[in-house]
Amino acid sequence: MQILQNDWQEYLSKEFEKPYYQDLRESLKKEYQNHIIYPDMYDIFSAFHHTSYRETRVVIIGQDPYHGPEQAHGFSFSVKPHVAIPPSLRNIYKELEMDLNIKPPSHGYLKAWAENGVLLLNNVLTVRAHQAHSHKGLGWEKFTDAVIEELNERERPLVFILWGKQAQQKGKTIDDEKHKVIASPHPSPLAAHRGFFGSRPFSRTNEFLKSIGEEPIDWSLPEDPPGAHTK
């Protein structure tokens, strides 16, 4: 079953054959037939298609896809162009500017990060419209646990950015003697002032990457990104 368009297929093909994933697939068929589901079914695996296993240098773990119209497109924290920037992402941009003096764009489209080696991974990859966490427990958690385990076993180190308790719980099996783990409170307005602001995740990521001979991430985002008017 060829689902992923790059080397992720090699690492995750066994997951697609497991009973839990077959059950998940059947549940999703019914969900997409009977409800409005985000993201579009063709965008579910966008994070993987734009950040291959071998090119992943950083993982940012999110929770649920956004559940409003035109928001989710398969990347954690990112929204489609021309959609209002969500509050958590506004705070991420504030920290980015404080940390690296990078002026944020007027959109919330993070595809450029994905193409620069940042895997924008949600814990759960689909959601019903206007119903947060509605696909919790369908099976996505097992799949994304497998993704993290594949990256954890990789010899070449990478950076895991864990914002908030749920992401930190998700990443509890990561080998922090091999990989760099950057954990802080969530960037949501309810938690950002408890330690997210001032945590400098972007510069700390780049310092680690340079220390192991990797190229740093270009965290800047184009004001008018290429492909912004397509998926």
Task: Atom NZ of K178: over 12 foreign heavy atoms under 6.0 Å - done: yes
Open item on the list: Is it the case that the side chain of S78 and the backbone of L110 share a donor-acceptor pair, with hydrogens and angles ignored and the cut-off at 3.5 Å?
Closed with: yes
Task: Ionic contact status for E214 with R156, cut-off 4.0 Å - done: yes
Task: P81 versus Y109, closest heavy-atom pair with distance - done: CD-CD1, 3.3 Å
Task: Whether over 12 other heavy atoms sit under 6.0 Å from N101 CG - done: no
- [ ] Answer with yes or no after comparing the ring centroid distance for H179 and F160 against a 6.0 Å cut-off, counting only values under it.
- [x] yes
Open item on the list: Taking the side chain as everything from C-beta on, heavy atoms only, tell me whether V58 gets closer than 4.5 Å to L209.
Closed with: yes
Open item on the list: Quick one, F202 and I92 - any side-chain contact, counting heavy atoms below 4.5 Å?
Closed with: yes
TODO: Spell out, yes or no, whether Y38 and I44 are grouped together once hydrophobic residues are joined by side-chain heavy atoms under 4.5 Å, including indirect joins.
DONE: no
Task: Other residues, nucleotides, ligands: >12 heavy atoms within 6.0 Å of I36 CD1 - done: no
Task: Short side-chain to backbone donor-acceptor contact, R154 and T56, under 3.5 Å - done: yes
Open item on the list: What I'd like to find out is whether the side chain of V59 reaches to under 4.5 Å of the side chain of L158, using heavy atoms alone.
Closed with: yes
Task: Least distance between heavy atoms, I37 atom then E31 atom - done: CG1-O, 3.5 Å
Open item on the list: In the structure I gave you, are the side-chain heavy atoms of P104 and E95 within less than 4.5 Å of one another anywhere?
Closed with: no
- [ ] Would you give the length of the straight line joining atom CG of N123 to atom OG1 of T144, rounded to the nearest 0.5 angstrom?
- [x] 4.5 Å
- [ ] Decide yes or no for S13 and W8: does some side-chain heavy atom of the first lie under 4.5 Å from some side-chain heavy atom of the second?
- [x] no
Open item on the list: Do Y66 and L221 land in one hydrophobic cluster if side-chain heavy atoms of ILVMFWY residues count as linked below 4.5 Å?
Closed with: yes
TODO: Taking all heavy atoms of P39 and all of L125, pick out the closest pair and write down the distance.
DONE: CD-O, 3.3 Å
TODO: Would you check if H186 and Q166 make a side-chain contact, meaning some heavy-atom pair closer than 4.5 Å?
DONE: no
Open item on the list: So which atom in S134 and which in R128 form the shortest heavy-atom distance, rounded to 0.1 Å?
Closed with: OG-N, 2.9 Å
- [ ] Just say parallel, tilted or perpendicular for the rings of F45 and W140, cut-offs at 30° and 60°.
- [x] perpendicular
TODO: Could you tell me whether the side chains of S203 and D99 share a donor-acceptor contact shorter than 3.5 Å?
DONE: yes
Open item on the list: Using the rule given for side-chain contact (heavy atoms from CB on, under 4.5 Å), can you reason through K103 versus L96, listing the C-alpha separation, both sets of side-chain angles and the distance that settles it, and then say yes or no?
Closed with: CA-CA 8 Å; K103 186 173 175 56; L96 177 62; over 6 Å; no
Task: Connected via hydrophobic side-chain network under 4.5 Å: Y32 and F143 - done: yes
TODO: Considering non-hydrogen atoms only, spot the tightest contact between Y93 and P105 and give its length.
DONE: OH-CG, 3.8 Å
Task: Derivation and outcome, salt bridge (Lys or Arg N to Asp or Glu O under 4.0 Å), residues E15 and K142 - done: CA-CA 9 Å; E15 295 302 312; K142 288 184 181 179; over 6 Å; no
Task: Reported CE-to-OG distance for the pair M98 and S199, which is rounded to 0.5 angstrom - done: 8.5 Å
TODO: Is it possible for you to say whether V124 and L4 belong to one hydrophobic cluster, with membership spreading through side-chain heavy-atom contacts below 4.5 Å?
DONE: yes
Open item on the list: As a quick check of understanding, evaluate salt bridge (Lys or Arg N to Asp or Glu O under 4.0 Å) for R200 and E207, giving each step before the final call.
Closed with: CA-CA 11 Å; R200 299 176 47 252; E207 285 162 11; 3.2 Å; yes
Open item on the list: Determine whether H193 and F197 satisfy the following criterion, side-chain contact (heavy atoms from CB on, under 4.5 Å), listing intermediate values before the conclusion.
Closed with: CA-CA 6 Å; H193 292 281; F197 289 131; 3.6 Å; yes
- [ ] Spell out, as yes or no, whether a donor-acceptor pair under 3.5 Å connects the side chain of E97 to the backbone of K94.
- [x] no
Task: Parallel, tilted or perpendicular: ring planes of H73 versus F75, cut at 30 and 60 degrees - done: tilted
Open item on the list: Determine whether a donor-acceptor pair (N or O, by modelled atom type, separation under 3.5 Å) exists between the side chain of S106 and the backbone of E223.
Closed with: no
Open item on the list: Walk me through whether E26 and D23 qualify under side-chain contact (heavy atoms from CB on, under 4.5 Å).
Closed with: CA-CA 5 Å; E26 291 307 309; D23 291 345; 5.8 Å; no
Task: Donor-acceptor under 3.5 Å (T51 side chain, A114 main chain) - done: yes
TODO: Would you confirm whether Q63, through its side chain, and A167, through its main-chain N or O, come within 3.5 Å as a donor-acceptor pair?
DONE: no
Open item on the list: Donor-acceptor check, side chain of H107 to backbone of P222, threshold 3.5 angstrom: yes or no?
Closed with: yes
Open item on the list: Could you tell me if the side chain of L100 sits less than 4.5 Å from the side chain of W219, heavy atoms only?
Closed with: yes
- [ ] Give a yes or no on whether the backbone of A192 and the side-chain of N91 come within a donor-acceptor separation of less than 3.5 Å.
- [x] no
Task: Backbone of N122 reached by a side-chain donor or acceptor of S76 within 3.5 Å - done: no
Task: D43 side chain vs A72 backbone, donor-acceptor pair below 3.5 Å - done: no
Open item on the list: One pair to check against side-chain contact (heavy atoms from CB on, under 4.5 Å): Q169 and K165. What are the steps and the verdict?
Closed with: CA-CA 6 Å; Q169 181 69 15; K165 289 179 181 176; over 6 Å; no
Open item on the list: Please tell me whether L89 and V127 are part of a single hydrophobic cluster in this structure, the criterion being side-chain heavy atoms less than 4.5 Å apart.
Closed with: no
Task: Pairwise distance CG(L24) to CG(L138) - rounded to 0.5 angstrom - done: 6.0 Å
Open item on the list: Is there a side-chain contact between F77 and L120 in this structure, where contact means two heavy atoms from C-beta onward sitting under 4.5 Å apart?
Closed with: no
Open item on the list: Within a 6.0 Å radius of atom NZ on K18, are there more than 12 heavy atoms belonging to other residues, nucleotides or ligands?
Closed with: yes
Sequence neighbours left out, cut at 3.5 Å: what donor-acceptor pairs do the side chains of residues 145-152 make with other protein atoms?
{"unit_1": "D145", "atom_1": "OD1", "unit_2": "K170", "atom_2": "NZ", "d": "2.7"}
{"unit_1": "E150", "atom_1": "OE2", "unit_2": "K14", "atom_2": "NZ", "d": "2.6"}
{"unit_1": "N152", "atom_1": "OD1", "unit_2": "D175", "atom_2": "N", "d": "2.8"}
{"unit_1": "N152", "atom_1": "ND2", "unit_2": "T173", "atom_2": "O", "d": "3.3"}

Open item on the list: Is it the case that the side chains of Q131 and H67 hold a donor-acceptor pair, with the cut-off being a distance below 3.5 Å and no angle test?
Closed with: no
Open item on the list: Within the supplied structure, the quantity of interest is the number of heavy atoms (other residues, nucleotides, ligands) at a distance under 6.0 Å from E153 CD; does it exceed 12?
Closed with: yes
Task: Pair listing, salt bridge (charged side-chain N to carboxylate O under 4.0 Å, His left out) test, anchored in residues 52-70, at least two apart - done: D7-R54, E10-R54, E70-K80
Open item on the list: Quick check: closest heavy atoms across R194 and P185, and the distance to 0.1 Å?
Closed with: O-CG, 3.5 Å
- [ ] Anything under 30° is parallel, anything over 60° is perpendicular, the rest tilted; go ahead and classify F16 against Y21.
- [x] perpendicular
